[in-house]
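Read through the structure below, which is laid out as structure tokens, and then see the notes.
Just the heavy atoms: all of them, side chains too, but no hydrogens, waters or symmetry mates, feed the values below. This one's a predicted model, so the numbers in the text were calculated from it and none came from an experiment. All ligand and atom numbering here is 1-based and tracks the order in the structure.
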Amino acid sequence: MSMVHEFQLSGIAYPQDPAHMLDEICDHFVEHAEVLRNADHAVLKSPFGTASIRLQDERLLIDLDCPSEHSLQMVRTSIAEHLYYFAGETAFDIAWAQPVSAALLPNMHEVMVTAAEDVTPHMRRVKVSCVDVTPFIGGDMHVRVLVPPKGRQPVWPRYRTDGRIAWPDGEDELLVRAYTIRAVDVERRELWIDFFQHPMPNIKTPGADFARDCQPGDRLALLGPGSGGLPVSSRMLLVGDESALPAIARIVAEVAPGTDIEAIIEVEDSREEQPLPTEGTLKVRWLHRSRYPLGANGMLADQAKAAIVASGPDTFVWVACEKEDARSVRSFLKERKHDRKSMYVAWYWEKEMGHFRKG
Ligand SMILES: Cc1cc2nc3c(=O)[nH]c(=O)nc-3n(C[C@H](O)[C@H](O)[C@H](O)COP(=O)(O)OP(=O)(O)OC[C@H]3O[C@@H](n4cnc5c(N)ncnc54)[C@H](O)[C@@H]3O)c2cc1C
């Protein structure tokens, strides 16, 4: 029997091709939620709540059922953002049974830079003070970092009536990038975020540059935490590049004593290696990109696949890296029918066009 929560909301979506949209919803959310599909009815279940989406009379009837008001707003926004995204340029509308007020987002935290320091030559740590760090303890690790334009009073996002987020634009446009909370300092009420410095000739890297240039007192906001919790398993394989190193470091720092962990981490060279304190048993292999043959591709993915073959089926496989590598490992795990509940595979950046606003 499924649990019914107190916080519920109904909506109706009007896509041009509802059947196709229902397919897209199922294909996409399988990465983020348990998806149960039965002909014209899909149910998406996640820790934030349940979304039932039914195709009827050329419309999608949506029913959300969540454990709190906060999670209800998050699920509503996620559904609205995704459905508009799937609709692309085609006509689309969505209406909710209760009006959406233009409030600030409940999971947005205004924070202030207290310090910034280099951890290694290319990893810059920014520490921010946060009035309430409790939402960041355990659970989900990721946030969207919102940086206002320099010298301007920040204008923060609010809800639109359709449930999507209205982002400030023009002179108030925010820089939005996905990052990981590397550590939570409960006593000092501080959060640490490690920004990989990946300077590229003739290409702007605003996220990395923010970390390089920020000063104590600078204001920013964090949206989250969300997507991608600390894995729980007695045996883990962790694979990633510099963008995932903060997450890997946090996972190993917070595992239960005795957890058996193998980590494969790709960095430029030995100067980018970091100590990874843990109460688990950690075997870490650093791959140095500087030693790869010229034009080498997919080295991290190849090492990950070999380690997956060598590890048992009960191993939790956690992978985050560049898009191509992540996709290749995901397909490999799928072919091997690795239990979906025992894996997390995400791309954290993309060659050429790198940033991630939605998600
Ligand atoms: C859930 C999640 C968590 C993340 N956590 C972290 C984190 O804790 N620390 C961290 O450093 N990154 C993290 N990332 C990755 C980070 O969001 C991207 O690297 C982002 O693109 C950086 O923004 P930017 O403005 O510096 O560069 P962008 O404007 O996005 O891209 C500019 C150029 O840089 C290239 N580029 C982007 N990222 C990289 C990279 N990592 N290596 C080499 N080239 C790159 C792009 O291909 C593009 O050509 C995370 C991503 C996700 C999705």
Q.
Check the orientation of Y344 and W318. Use parallel for under 30°, tilted for 30 to 60°, and perpendicular for over 60°.
A. parallel
Q) For G207, is at least one N or O under 3.5 Å away from an N or O on ligand 1? A) yes
Q: Provide the number and element of each atom of ligand 1 under 4.0 Å from a heavy atom of P246.
A: 7 (C), 8 (O), 9 (N)
Q) Between T77 and G163, is there a donor-acceptor pair closer than 3.5 Å when you use the side chain of the first and the backbone of the second? A) yes
Q: Nearest heavy atom to atom 45 (C) of ligand 1 wins, so pick from M141, E242, H198, H122.
A: H198
Q.
So if I count the atoms of ligand 1 from 1 in the order they appear, which ones are less than 4.0 Å from some heavy atom of K204?
A. 29 (O), 32 (C)
Q | Best match, W349, W192, Y179: closest heavy atom to atom 7 (C) of ligand 1 | A | Y179
**Q.** N/O separation below 3.5 Å, A208 to ligand 1
**A.** yes
Q.
Using a 6.0 Å cut-off, check whether atom CZ of R189 has over 12 heavy atoms from anything other than its own residue.
A. no
(Q) Any nitrogen or oxygen of F196 lying under 3.5 Å from a nitrogen or oxygen in ligand 1? Just yes or no. (A) yes
Q) Has the side chain of H109 got a donor or acceptor atom that lies under 3.5 Å from a matching backbone atom of G224? A) yes
(Q) Looking only at the aromatic ring of each residue, does the gap between the centers of H28 and Y85 stay below 6.0 angstrom? (A) no
Q | N or O contact, P206 vs ligand 1, cut-off under 3.5 Å | A | yes
Q) Of the backbone atoms (N, CA, C, O) and the side-chain heavy atoms from C-beta on, which set of R182 has a member under 4.0 Å from an atom of ligand 1: side chain, backbone, both, or neither? A) neither
Q: Please work out whether any backbone atom (N, CA, C, O) or any side-chain heavy atom from C-beta onward of T205 is under 4.0 Å from ligand 1, and answer side chain, backbone, both or neither.
A: both
Q) Backbone or side chain, does any N or O of M200 fall under 3.5 Å from an N or O of ligand 1? A) no
Q: Please determine if E81 and R164 form a salt bridge, counting it only when a charged side-chain N lies under 4.0 Å from a carboxylate O.
A: no
Q) Is the number of heavy atoms from other residues, nucleotides or ligands within 6.0 Å of CZ (R54) greater than 12? A) no
Q) Should you measure from each heavy atom of E350, which atoms of ligand 1 turn up under 4.0 Å away? A) 46 (C), 47 (O)
Q: Kindly confirm or rule out a cation-pi arrangement of R76 over Y159, judged by NZ or CZ under 6.0 Å from the six-membered ring centre and within 45° of its axis?
A: yes
Q. In terms of atom number and element, which parts of ligand 1 are under 4.0 angstrom from non-hydrogen atoms of F195?
A. 11 (O)
Q: Examine the proximity of ligand 1 to D194 and report which part, side chain or backbone, both or neither, has a heavy atom under 4.0 Å away.
A: backbone
Q. Should we say atom CZ of R271 is surrounded by more than 12 heavy atoms from elsewhere, each under 6.0 Å from it?
A. no
(Q) Given R250, K351, H142, R177, identify the one with the heavy atom nearest to atom 20 (C) of ligand 1. (A) R177
Q.
Under the side-chain contact (heavy atoms from CB on, under 4.5 Å) test against V255, which residue among L282, V232, T278 passes?
A. T278
Q | Interfacing atoms of ligand 1 (cut-off 4.0 Å, heavy-atom, S243) | A | 5 (N), 6 (C), 7 (C), 8 (O), 9 (N), 10 (C), 12 (N), 13 (C), 15 (C), 41 (N)
